[in-house]
*Asks:* 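What follows is a structure written as structure tokens; I'll ask about it next.
Naming convention: chains lettered A, B, ... in sequence-line order (proteins, then strands); numbering from 1 in each chain.
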There are 2 protein chains.
Amino acid sequence: MANIQQIAKRAGVSIATVSRVLNNATSVSPKTRSKVEDAIKELNYEPSMLGRNLRNSESRLLLVLLPNISNPFYTEIINGIQDTAIASGYHILLCETDSKPERENIYFNMVKNKLADGVISMDPTVNMQKLNELAEHYPVILCSEYEENGEIPYITVDSELAAYQAVKHLIKLGNEKVALITSDEKFLYARLRRTGYERALKEYNLPIREEWIYHTKGLDFHYGVHAMRMLLQNEDRPTAVFAISDTLAIGALKTINMELKDSEPIAVVGFDNISFSSMTNPTLTTISQPMYMMGCQATEMLLSRIKGENVENIVLEHELIIRESTME
Amino acid sequence: MANIQQIAKRAGVSIATVSRVLNNATSVSPKTRSKVEDAIKELNYEPSMLGRNLRNSESRLLLVLLPNISNPFYTEIINGIQDTAIASGYHILLCETDSKPERENIYFNMVKNKLADGVISMDPTVNMQKLNELAEHYPVILCSEYEENGEIPYITVDSELAAYQAVKHLIKLGNEKVALITSDEKFLYARLRRTGYERALKEYNLPIREEWIYHTKGLDFHYGVHAMRMLLQNEDRPTAVFAISDTLAIGALKTINMELKDSEPIAVVGFDNISFSSMTNPTLTTISQPMYMMGCQATEMLLSRIKGENVENIVLEHELIIRESTME
DNA sequence: AATCAAATTGTAATCGATTACATATTTGAA
DNA sequence: TTCAAATATGTAATCGATTACAATTTGATT
């Protein structure tokens, strides 16, 4: 791989002139310009990002932190992030932490070292203390999961309200025994969705029964399968379930299909409107978040921060999508 | 962010000594070492990857190219890649090309510019010509999709054989009318799976009927839904379907569920064994690829290439997983 | 032809690290 | 005490770009 020196020599000019052609900045005579351009083509030259970034302290690369890519929830958000980034001349790198905080370090260092210009974190398992430290000096945005009263700008939806509406929908269908499948309450979204669940129950004077609330250890399908099995072991079985994630809801649906073949079905509502949710049988009623939009706006926020501007937190509108799982 | 100069000044030593402490290489007296370590802690210093990479021509970062992360097929492979990379002191960056070749350029440049040490491409839509050029000078491995008789080392499964076995399974169940849902045949895996499909039909003296072969424009569920609708419009309907991807198979299953409520079901076999395939109703018979293993070995191949070693192509074993979709 | 401003090009410092080589210091055997 | 060997540290070049400033060329004007 040729470097700027070799181009300069080949074109018979100084490296400064080559650099000028590269950045088509100040005046370069047409003759020299074309000599340099020829040399660049002949040697198949690409400027080194390393040299350039070192000098400019800018990489035009954005990091996107996510726990793992197996949850389809992230897919559409990432599309939004990517499209917006590219439209502004940036590129993104997806960083999967696998919920292992030690893996975050390398990515945080990339930002500190100007290998990346900023971070969008969608990782609920992120080490918030470290992220806060990073955010003191570098551009960081939280997307979806956030910190209440924290310093880092965020974009999200109103999880409490959405959960409230989901459960209210179940109650209005005549369900007085609504179970909750949720994850670890160290995550804000889990706490908020539980609060919404409880608010709906209270509003209709229904009891909150701990045995109808199941906490999973993760969001993969099989946790939902298992959660529903446990819930069905109650003597007094729930007639409906609200799951804080579509993946869990789909697992629950699977258990219901398997264990309750011909009996009265149990109504299910999920959260996220992942693409699978319209492929299940029955199709899944769920809360739809504007995921693409969320990705776009998160990126705009980050780009603003990179420019040094301040940004406001954003709470986007959600929508209850009613499908077969609450219709039979 | 402090730099090495400031550490040197603070510790009252030269930058060379600081660098020595950092790389705990040649001799540094215990006294100086601890002075430097103190300074590093006090100033919260992290060495710049930019400076270091520029000097060392090494980043210990690997790029993973994929068309998009929405196909869960990639998830497990990436886990394998990531675990193996980390075990060897490397980190990975996921690069989603969205099947837009212009997006590849930035990633290829990262390699040329030593911002990354190598590439694992899982992108069937990649510009092979450019990738071949890159591979002439930099470490590149193909994973899953590959080029027959190409120069780039690859790891994959025997798609032709797997498809043959899948279709044979359907035929043995008594299906004489087996349809194929496949994608664009510009992809090698699509061509190979079609060949396997045809081999099985021929072996049982069944006709290959073009109207039972549907080409989709992508792999998302809805393409499968649509493909199955089209296939059902045949006067002479197929009694079984082999889809070259689980996502397509699941879409097909959806259409079958919707349109053929009570009539004789159509048997379906997919390909990939994505986690959702055991959540559908009926659960999906499919070909399982050793995805985690594939990721691990792809990474080992790449690390060997980075060390300058030669590697052999690898064809891993697959397995037919029989589930409900071929049992009723 | 002489003059001078504008346009073009070159020189050299800089970004933050690593490392060959040079120099200084310590150690220990004679 | 002396001096060579071993150990410790510093100096300066280097990686590949950008850019302030200096130097040169151009060409219009008198």
*Asks:* Less than 4.0 angstrom between a side-chain N/O of B:Ser14 and OP1 or OP2 of D:dG10, yes or no?
*Replies:*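 For D:dG10, OP1/OP2 do have a side-chain N/O of B:Ser14 under 4.0 Å.
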*Asks:* Please state how far atom CG in A:Asn56 lies from atom P in D:dA20, giving the value in whole angstrom units.
*Replies:*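 In whole Å, D:dA20 P and A:Asn56 CG are 11 Å from each other.
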*Asks:* Any salt bridge linking B:Lys35 with B:Glu37? Criterion: basic side-chain nitrogen under 4.0 Å from a carboxylate oxygen.
*Replies:*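 Looking at B:Glu37 together with B:Lys35, the answer is no, because their closest N to O distance does not fall below 4.0 Å.
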*Asks:* Apply side chain to side chain donor-acceptor pair (under 3.5 Å) to A:Gln289 and A:Asp272, showing your working.
*Replies:* CA-CA 6 Å; A:Gln289 304 187 42; A:Asp272 289 343; 3.0 Å; yes
*Asks:* Quick one: do A:Asp123 and A:Lys130 make a salt bridge, cutoff under 4.0 Å?
*Replies:*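 Answer for the salt bridge query: no.
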*Asks:* D:dA17 P sits how many Å from B:Asn53 CG, rounded?
*Replies:*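 Taking CG of B:Asn53 and P of D:dA17, I get 15 Å after rounding.
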*Asks:* How many Å lie between CD on B:Gln5 and P on D:dA12, as a whole number?
*Replies:*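 Result: 14 Å.
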*Asks:* Is B:Asn23 close enough to C:dT18 that one of its side-chain N or O atoms is under 4.0 Å from OP1 or OP2 there?
*Replies:*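 For B:Asn23, the contact criterion (side-chain N or O under 4.0 Å from OP1 or OP2 of C:dT18) is met.
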*Asks:* Once rounded to the nearest 0.5 Å, what's the spacing between atom CG of B:Leu50 and atom CZ of B:Arg55?
*Replies:*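 If I round to the nearest 0.5 Å, the distance is 15.0 Å.
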*Asks:* When you measure from the side-chain N and O atoms of A:Arg55 to the phosphate of C:dT14, is any distance below 4.0 Å, counting only OP1 and OP2?
*Replies:*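 Indeed not, no polar side-chain atom of A:Arg55 lies that close.
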*Asks:* With a 4.0 Å limit, can you tell me whether B:Ser19 has a side-chain N or O closer than that to the phosphate oxygens OP1/OP2 of C:dA17?
*Replies:*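 Indeed not, no polar side-chain atom of B:Ser19 lies that close.
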*Asks:* Can a side chain N or O of A:Thr32 be found less than 4.0 Å away from OP1 or OP2 on C:dT9?
*Replies:*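 Result: yes.
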*Asks:* Counting any heavy atom closer than 4.0 Å, what does A:Val13 reach on the DNA or RNA strands: base, sugar-phosphate only, or nothing?
*Replies:*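 Result for A:Val13 = sugar-phosphate.
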*Asks:* Hey, which of these two, B:Gly51 or B:Ile15, hits DNA chain D nearer its 5' end, going by closest nucleotide?
*Replies:*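 This one resolves to B:Ile15.
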*Asks:* Between B:Arg52 and C:dG16, does any side-chain N or O lie under 4.0 Å from OP1 or OP2?
*Replies:*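 No, no such contact exists.
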*Asks:* Let me know the distance between CD1 of B:Ile4 and P of C:dG16, rounded to the nearest Å.
*Replies:*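 Value for this atom pair: 11 Å.
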*Asks:* Separation of A:Ile7 atom CD1 from D:dG16 atom P, in whole Å?
*Replies:*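 Taking atom P of D:dG16 as the reference, CD1 of A:Ile7 is at 12 Å.
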*Asks:* Would you kindly give the CD1-to-P distance between A:Ile40 and D:dA17, to the nearest whole Å?
*Replies:*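 Roughly 10 Å, once rounded to whole Å.
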*Asks:* To the nearest 0.5 angstrom, please state how far the OG atom of A:Ser70 sits from the CG atom of A:Asp98.
*Replies:*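 A:Ser70 atom OG to A:Asp98 atom CG measures 8.5 Å (nearest 0.5 Å).
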*Asks:* Taking the side chain of B:Leu22 as its heavy atoms from C-beta onward, which of C:dT18, C:dG16, D:dG10 lies nearest to it?
*Replies:*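 The answer is C:dT18.
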*Asks:* Take B:Ser29 and B:Asn113, find for each the nucleotide of DNA chain D with the closest heavy atom, and name the residue whose nucleotide sits nearer the 5' end.
*Replies:*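 Going by which nucleotide is closer to the 5' end, it is B:Ser29.
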